[in-house]
Amino acid sequence: MRNKVNQMAVFRYKMQSILDIKQKLEEQEKIAFGIAAAKLQEEQELLQKFMVRKAGYDRKARTLVEGTIDLLEINACRRAIEVMKTKIRAQMLEVHKAQRQLEAARQRLNAVMIERKTYEKLKEKKFEEFKQELLQEEKKEIDELVSYTYHQNEE
């Protein structure tokens, strides 16, 4: 019988470097997604702040017309309301822009997650094949040993 050295078989996945890259890309996209989510939150908070300020100017405008009429104060308040309306419209655009960026980041993240999972599944499949090959090799060695022992006993 052949003199076989009992070696521990080692599984090496040929595409491990690609899987590592996919995992790093996924981490980067998770970071980008987090940044986009934070940006959206920041833009929404600014919009809310503008809306609260405008509501304050609206209340002030109502009180100004109830008491002694101060035209300068009323006009200043109306201008402030118009400025806040402009800021609110512009900020709504920023919020929508941040929402689109967040959605784009979510789609990129999903795409890289799918790619990573695909490579992980391939790795799992190759590992299962590797284990089957080891089992076949082991069966073959046992068969050879049994055959050798049988022939030794016949002699």
Side-chain angles (χ1 to χ4, degrees), residues 4-143:
K4 284 198 172 189
V5 178
N6 188 8
Q7 296 177 353
M8 184 66 159
V10 178
F11 174 69
R12 284 187 175 58
Y13 182 50
K14 293 177 184 178
M15 294 191 287
Q16 184 63 45
S17 60
I18 295 172
L19 178 56
D20 292 343
I21 290 169
K22 296 299 180 187
Q23 289 169 332
K24 286 178 186 167
L25 286 172
E26 181 177 347
E27 287 305 311
Q28 290 173 346
E29 289 301 333
K30 283 180 180 177
I31 291 168
F33 179 78
I35 291 169
K39 176 70 172 166
L40 175 59
Q41 181 68 28
E42 180 184 315
E43 298 295 352
Q44 288 174 327
E45 287 172 2
L46 189 55
L47 175 61
Q48 185 65 32
K49 185 175 135 184
F50 288 158
M51 293 173 94
V52 168
R53 281 179 61 190
K54 181 188 171 292
Y57 288 132
D58 286 338
R59 278 191 302 279
K60 185 177 179 181
R62 281 192 297 278
T63 59
L64 285 173
V65 293
E66 290 173 357
T68 315
I69 296 183
D70 181 351
L71 275 157
L72 290 175
E73 186 74 24
I74 291 172
N75 286 335
C77 193
R78 284 184 181 160
R79 280 192 303 276
I81 290 171
E82 288 306 312
V83 167
M84 291 314 300
K85 284 181 182 178
T86 302
K87 284 185 176 187
I88 288 170
R89 280 192 294 272
Q91 191 57 34
M92 288 175 110
L93 292 174
E94 290 301 315
V95 167
H96 290 299
K97 178 179 164 187
Q99 286 171 331
R100 286 191 308 272
Q101 289 172 344
L102 180 63
E103 185 55 33
R106 181 188 331 275
Q107 289 174 357
R108 286 191 311 272
L109 177 58
N110 285 341
V112 296
M113 286 175 70
I114 289 168
E115 285 182 31
R116 185 222 359 117
K117 287 177 183 178
T118 300
Y119 278 93
E120 283 181 349
K121 292 281 187 205
L122 286 171
K123 181 179 181 178
E124 289 172 14
K125 184 179 176 190
K126 292 293 182 184
F127 184 64
E128 288 302 316
E129 290 172 7
F130 173 76
K131 290 192 309 190
Q132 289 301 317
E133 288 172 13
L134 283 181
L135 285 174
Q136 292 301 326
E137 202 53 44
E138 191 177 296
K139 279 173 93 177
K140 183 179 171 185
E141 286 178 15
I142 291 171
D143 288 348

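Given the structure is predicted, the values throughout are model-derived calculations rather than measurements.
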Plane angle bin for F127 and F11 - parallel if under 30°, tilted between 30 and 60°, otherwise perpendicular: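 If you compare the ring of F11 with that of F127, the planes turn out perpendicular.
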Inspect the contact between [Y] and [X] and indicate whether a charged nitrogen and a carboxylate oxygen are less than 4.0 angstrom apart.
X: E128; Y: K131; result: yes
X: E120; Y: R116; result: yes
X: E129; Y: K126; result: yes
X: E82; Y: K85; result: yes
X: K139; Y: D143; result: no
X: K30; Y: E26; result: yes

Would Q99 and E103 count as a side chain to side chain donor-acceptor pair (under 3.5 Å) if you check the C-alpha gap in whole Å, the side-chain angles of each, and the deciding distance to 0.1 Å? CA-CA 6 Å; Q99 286 171 331; E103 185 55 33; over 6 Å; no
Ignoring hydrogens and angles, state whether a donor on the side chain of Q48 or Q44 is under 3.5 Å from an acceptor on the partner side chain.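 Side chains of Q48 and Q44: no pair found under 3.5 Å.
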Between Q91 and E43, is there a donor-acceptor pair closer than 3.5 Å when you use the side chain of the first and the backbone of the second?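 Flag set: sc Q91 to bb E43 pair under 3.5 Å.
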Can you measure from [atom1] ([X]) to [atom2] ([Y]) and round to the nearest 0.5 angstrom?
X: L25; Y: E115; atom1: CG; atom2: CD; answer: 7.5 Å
X: T118; Y: M113; atom1: OG1; atom2: CE; answer: 11.5 Å
X: F130; Y: E137; atom1: CZ; atom2: CD; answer: 10.5 Å
X: R100; Y: L102; atom1: CZ; atom2: CG; answer: 12.0 Å
X: L64; Y: R78; atom1: CG; atom2: CZ; answer: 10.0 Å
X: K123; Y: Y13; atom1: NZ; atom2: OH; answer: 8.0 Å

Quick check on side-chain hydrogen bond (donor to acceptor under 3.5 Å, both in side chains): which of R62, K60, K54 does D58 satisfy it with?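 Testing D58 for a side-chain hydrogen bond (donor to acceptor under 3.5 Å, both in side chains) against R62, K60, K54 leaves exactly one candidate, K54.
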Test E73 against every option in I69, D70, N75 by the side-chain contact (heavy atoms from CB on, under 4.5 Å) rule and name the one that passes.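 When I69, D70, N75 are each tested with E73, the side-chain contact (heavy atoms from CB on, under 4.5 Å) holds only for D70.
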Passes side-chain contact (heavy atoms from CB on, under 4.5 Å), K87 versus M84? Steps please. CA-CA 5 Å; K87 284 185 176 187; M84 291 314 300; 4.2 Å; yes
Counting C-beta onward and ignoring hydrogens, is there a side-chain heavy-atom pair between L93 and K97 closer than 4.5 Å?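 The answer is no, as the side chains (C-beta and beyond) never meet within the 4.5 Å cut-off.
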Between K125 and K121, does the side-chain contact (heavy atoms from CB on, under 4.5 Å) criterion hold? Intermediate values first, please. CA-CA 6 Å; K125 184 179 176 190; K121 292 281 187 205; over 6 Å; no
Looking at every heavy atom in both E29 and A105, which two are closest together, and how far apart are they?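 Smallest interatomic distance, heavy atoms only, reads OE1-O, 4.4 Å.
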